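Written out below as structure tokens is the structure these notes cover.
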Amino acid sequence: MIFRIAPSILSADFARLGEEVRNVIAAGGDWIHFDVMDNHYVPNLTIGPIVCKAIRPHVRAPIDVHLMVRPVDRLVIDFAKSGANIISFHPEASDHVDRTLSFIRDHGCKAGLAFNPATSLHYLDHIMDRIDLVLIMLVNPGFSGQLFIPEILNKLQDVRRRIDIYSEQTGREIYLEVDGGVKADNIAKIREAGADTFVAGSAIFDQPDYQQVIHQLRQALESSR
Ligand code: DX5
Ligand code: ZN
């Protein structure tokens, strides 16, 4: 199994964003995780397609857009045009989840569905063929630097089982990404519950040496194999 680390630029220095994304990818990050908050679906306001477009030329790595906005559909078009590669949204934020998922793929991106800690997994029941990624929130969305909620590990195991069954039947891969509170001292436990893609914001950007933290995260992942 391949593990991916997706540094969340929510914790980066926004005054030097181009340099930050280049540095964190050079330091071993796999994807740039891009948190979009609208002060409506979540109580915080961050960045939009203009900023995505601005960082696009700085890295070849996939830009993994996490939409915490309501409504969703219009922003899909803007982010697809601004160089996003993966777009995830929260099912509660779309009136027509199936349509939004198709919409993301129609605009050339991989589609992800994001689950808050209390969101039921029933949203996965009829759309597995429509998604490329499941994003499990280990905290309530809105802020970086929160502690992960251990109960979610049970939910993660559940999703892993669903994905494994689906992949066995179809041969198609679906990424299982986790977001919130991921650190070097808990990433092994989170991997054991089934995650393969790890967002980390404050764990990486709050340290002076990104390469060292990313190395520590990978070592913790490898030692738990
Ligand atoms: C939270 C965001 C996360 C956040 C993670 O709503 O979706 O991506 O940046 O930050 P840490 O890793 O610090 O919890
Ligand atoms: Zn996120």
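Fair warning: this is a prediction, and the values are worked out from it, not measured in the lab. Atoms within each ligand, like the ligands themselves, are counted from 1 in listed order.
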Enumerate the atoms of ligand 1 whose separation from the nearest heavy atom of [X] is less than 4.0 angstrom.
X	answer
Met137	6 (O), 7 (O)
His33	8 (O)
Pro141	6 (O)
Asp35	2 (C), 3 (C), 4 (C), 7 (O), 8 (O), 9 (O)
Met68	6 (O), 7 (O)
Ala200	12 (O)
Gly181	11 (P), 12 (O), 14 (O)
Asp179	2 (C), 3 (C), 4 (C), 5 (C), 7 (O), 8 (O)

Specify the protein heavy atom at minimum distance from [atom]: its residue, its atom name, and the distance to 0.1 Å.
atom	value
atom 12 (O) of ligand 1	Gly201 N, 2.8 Å
atom 10 (O) of ligand 1	Ser144 CB, 3.3 Å
atom 13 (O) of ligand 1	Ser202 OG, 2.5 Å
atom 1 (C) of ligand 1	Phe143 O, 3.5 Å
atom 11 (P) of ligand 1	Gly145 N, 3.7 Å

How far does [atom1] of [X] sit from [atom2] of [Y], to the nearest 0.5 angstrom?
X	Y	atom1	atom2	value
Glu173	Asp196	CD	CG	7.0 Å
Leu113	Tyr123	CG	OH	9.0 Å
Phe148	Ile187	CZ	CD1	11.0 Å
Leu10	Phe205	CG	CZ	10.0 Å

Test item: side-chain donor near acceptor, [X] and [Y], under 3.5 Å:
X	Y	answer
Arg56	Ser82	no
His33	Asp35	yes
Lys183	Ser202	yes

### Query
Do Val24 and Ile214 have side chains that get closer than 4.5 Å, going by heavy atoms?
yes
### Task
Would you indicate whether the side-chain heavy atoms of Asp64 and Glu177 approach each other to under 4.5 Å?
yes
What about [X]: any of its N or O atoms under 3.5 Å from an N or O on ligand 1?
X	result
His66	yes
Ser8	yes
Gly142	yes

### Message
Checking side chain to side chain donor-acceptor pair (under 3.5 Å) between Asp158 and each of Arg160, Lys155, Arg161, which is the one that passes?
### Response
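Between Asp158 and the candidates, side chain to side chain donor-acceptor pair (under 3.5 Å) is satisfied uniquely by Arg161.
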### Query
So is Met37 in contact with ligand 1, going by heavy-atom distances below 4.0 Å?
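For ligand 1, residue contact (heavy atoms, under 4.0 Å) with Met37 is present.
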### Query
Gly180 near ligand 1, heavy-atom distance under 4.0 Å?
yes
### Query
Can Arg99 and Asp106 be said to form a salt bridge (Lys or Arg N to Asp or Glu O under 4.0 Å), step by step?
CA-CA 10 Å; Arg99 180 184 290 156; Asp106 289 350; over 6 Å; no
Nearest N/O/S atom of [X] with respect to the Zn ion (ligand 2), by atom name, please.
X	result
Asp35	OD1
Asp179	OD2
His66	ND1

#### Entry: Stepwise salt bridge (Lys or Arg N to Asp or Glu O under 4.0 Å) test for Glu192 and Lys189
CA-CA 5 Å; Glu192 279 159 22; Lys189 243 187 344 211; over 6 Å; no
### Message
Tell me whether Asp132 is salt-bridged to Arg105, with the criterion being a basic N under 4.0 Å from an acidic carboxylate O.
### Response
yes
